[in-house]
Amino acid sequence: MVASMSEHIIVERDGPVAELRLARPDKRNAITTAMYSALADGLAAAHADEGVRAVLISAEGAHFTAGNDLHDFIANPPQGQDSPVFRFLHALGGADKPVVAAVQGQAVGIGTTMLLHCDIVVLADDARLKMPFVDLALVPEAASSLLVPRAIGHARAAEMLMLGDAIDAPTALAWGLANRVVPAGSERAEALKLAHRLAAKPPAALALTKRLLRDDAPGVATRMDREGGHFADQLQSPELKGAIAAFFARKA
């Protein structure tokens with residue numbers, strides 16, 4: 001394996017599998033603007049490398065990610081579709097090569113919505129998926145307002161996106177948001193095994209199959225952009241300032 005690290009993102013190569021690993025466990029892998037840039041660059045490099053046949057997204061420590069690093073997010077809000085977070089989301093949503101995710105502990109906000117764009121999702125049995133956008137006076141992102149209801153139905157989607165309730169790994173599996181639930185600590189090994197299985201498939205046929213499965217890509221991209229506009233508006237709202245202040249007060 002050959003590894004490099006940039007901005008708390010480890011890029012590791014295991015034969016035909018490129019792994020992008022969140023490596024900020026002391027902050028529960030909360031994602032900064034610089035980390036989004038590194039993730040977007042890592043996906044672009046994997047897409048351009050003919051030797052890479054599959055991508056694995058994983059994380060170090062007890063949690064997949066606590067979502068956006070709010071201090072960094074407020075200081076560096078996304079400014080348009082060329083911002084690092086949107087570059088990452090569009091790179092992930094438009095990836096032709098299969099993407100596998102290994103998820104443990106908390107997967108908050110984008111930690112859940114990014115999974116909607118992965119082809120295979122392996123959850124540790126301690127994983128909990130949560131999208132508390134409304135609680136932070138924000139709106140869904142990553143086309144989750146389109147993809148979550150499509151995957152689990154309107155009623156369950158409203159519960160997750162409007163009430164912000166977390167769901168555990170068995171529930172995520174039963175609802176169709178994951179492919180496997182495995183004992184905690186074995187999720188990365190299982191996901192890597194599945195990534196290698198995908199990497200061994202005929203690449204052109206695999207890419208075409210993925211495109212057929214995601215043949216609504218223009219709709220997804222349009223929804224991402226629409227959400228992004230509302231998201232940017234909410235970032236300037238008084239209610240966001242109050243919600244963020246309340247969040248940090250609870251943390252304190």
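If you read the sequence from its start, that first residue is 1, and numbering goes on from there. A quick note: this is a predicted structure, and the numbers were derived from the prediction, not measured. For the numbers below, each heavy atom of this structure counts, side chains included, while hydrogens, waters and symmetry mates do not.
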Criterion side chain to side chain donor-acceptor pair (under 3.5 Å) on Y36 and N68, from CA distance to verdict: CA-CA 10 Å; Y36 281 124; N68 287 312; 2.5 Å; yes
Side chain to side chain contact (heavy atoms under 4.5 Å, CB included) assessment of M160 paired with I167: CA-CA 8 Å; M160 290 193 73; I167 61 171; 3.9 Å; yes
Near-ring test F231/F73, centroid separation under 6.0 angstrom: yes
Worked verdict on H90 versus D225 for side chain to side chain donor-acceptor pair (under 3.5 Å): CA-CA 10 Å; H90 283 293; D225 293 345; 3.3 Å; yes
Show me the side-chain donor-acceptor pairs of residues 94-106 shorter than 3.5 Å, one per line, residues at least two apart or across chains.
residue: D96; atom: OD1; partner: R211; partner atom: NE; Å: 3.3
residue: D96; atom: OD2; partner: R211; partner atom: NH2; Å: 3.0
residue: K97; atom: NZ; partner: A46; partner atom: O; Å: 2.7
residue: K97; atom: NZ; partner: H47; partner atom: O; Å: 3.3
residue: K97; atom: NZ; partner: D49; partner atom: O; Å: 2.6
residue: K97; atom: NZ; partner: V52; partner atom: O; Å: 2.9
residue: Q104; atom: NE2; partner: A59; partner atom: O; Å: 2.9
residue: Q104; atom: NE2; partner: G61; partner atom: O; Å: 2.9
residue: Q106; atom: OE1; partner: R28; partner atom: NH1; Å: 2.8

Worked verdict on T32 versus D69 for side chain to side chain donor-acceptor pair (under 3.5 Å): CA-CA 6 Å; T32 64; D69 181 304; over 6 Å; no
N/O donor-acceptor pair under 3.5 Å between N29 side chain and E60 backbone: yes
Heavy-atom side-chain proximity of M131 to P140 below 4.5 angstrom: no
Side-chain heavy atoms of D14 within contact of H196, under 4.5 Å: yes
Note, C118 side chain near V121 side chain (heavy atom, < 4.5 Å): yes
V108 with M162, same ILVMFWY side-chain cluster at under 4.5 Å: no
Electrostatic pair R13:E19 at N-O distance under 4.0 angstrom: no
Euclidean distance, D168 CG relative to R128 CZ, rounded to 0.5 Å: 6.5 Å
Any E227 side-chain heavy atom under 4.5 Å of S145 side chain: yes
Hphob cluster co-occupancy, F247 + I74, side-chain heavy atoms under 4.5 angstrom: yes
Evaluation steps, side chain to side chain contact (heavy atoms under 4.5 Å, CB included), between E187 and V181: CA-CA 8 Å; E187 65 280 349; V181 174; over 6 Å; no
Validation row: L138, H230 side chains within 4.5 angstrom (heavy atoms): no
Smallest separation among heavy atoms of T65 and I31, with atom names: OG1-CG1, 3.6 Å
Contact summary for R214 and L116, nearest pair of heavy atoms: NH2-O, 3.8 Å
K193 with E190: basic N within carboxylate O range, under 4.0 Å: yes
Euclidean distance, I244 CD1 relative to E239 CD, rounded to 0.5 Å: 11.0 Å
Charged N-O contact under 4.0 Å between E159 and K130: no
Side chain to side chain donor-acceptor pair (under 3.5 Å) assessment of T113 paired with E141: CA-CA 7 Å; T113 60; E141 31 84 310; 2.6 Å; yes
Heavy-atom closest contact (G93 atom, H117 atom, distance): CA-ND1, 3.8 Å
Minimal non-hydrogen separation, A191 against L56, with atom names: CB-CD1, 3.6 Å
Rounded distance [0.5 Å steps], CD1 in I120 versus CG in L194: 6.5 Å
Separation between OG1 of T112 and CG of L177, rounded to the nearest 0.5 Å: 8.5 Å
Pairwise side-chain contact, L115 with L129, heavy-atom cut-off 4.5 Å (strictly under): yes
Contacts of H8 that satisfy side chain to side chain contact (heavy atoms under 4.5 Å, CB included) - sequence neighbours left out: M5, R24, M35
pair L22-L39: side-chain heavy atoms closer than 4.5 Å: yes
Short N-O contact, K210 and D119, less than 4.0 angstrom: yes
Where G111 and F64 come nearest, the two heavy atoms and their spacing: O-CE2, 3.5 Å
Spacing of I152 atom CD1 and L147 atom CG [to the nearest 0.5 Å]: 11.0 Å
V122 and N179: CA distance, side-chain angles, deciding distance, side chain to side chain contact (heavy atoms under 4.5 Å, CB included) verdict: CA-CA 6 Å; V122 178; N179 301 84; 5.8 Å; no
Nearest atoms (heavy-atom pairs only) where M114 meets L92: O-CD2, 3.5 Å
OG on S144 to CZ on R150, rounded to 0.5 Å: 12.5 Å
Transitive ILVMFWY side-chain link I110 to V134, under 4.5 Å: no
Side chain to side chain contact (heavy atoms under 4.5 Å, CB included) evaluation trace for V182 with L123: CA-CA 6 Å; V182 298; L123 300 181; over 6 Å; no
same_hphob_cluster(W175, L173) at 4.5 Å side-chain heavy-atom cutoff: yes
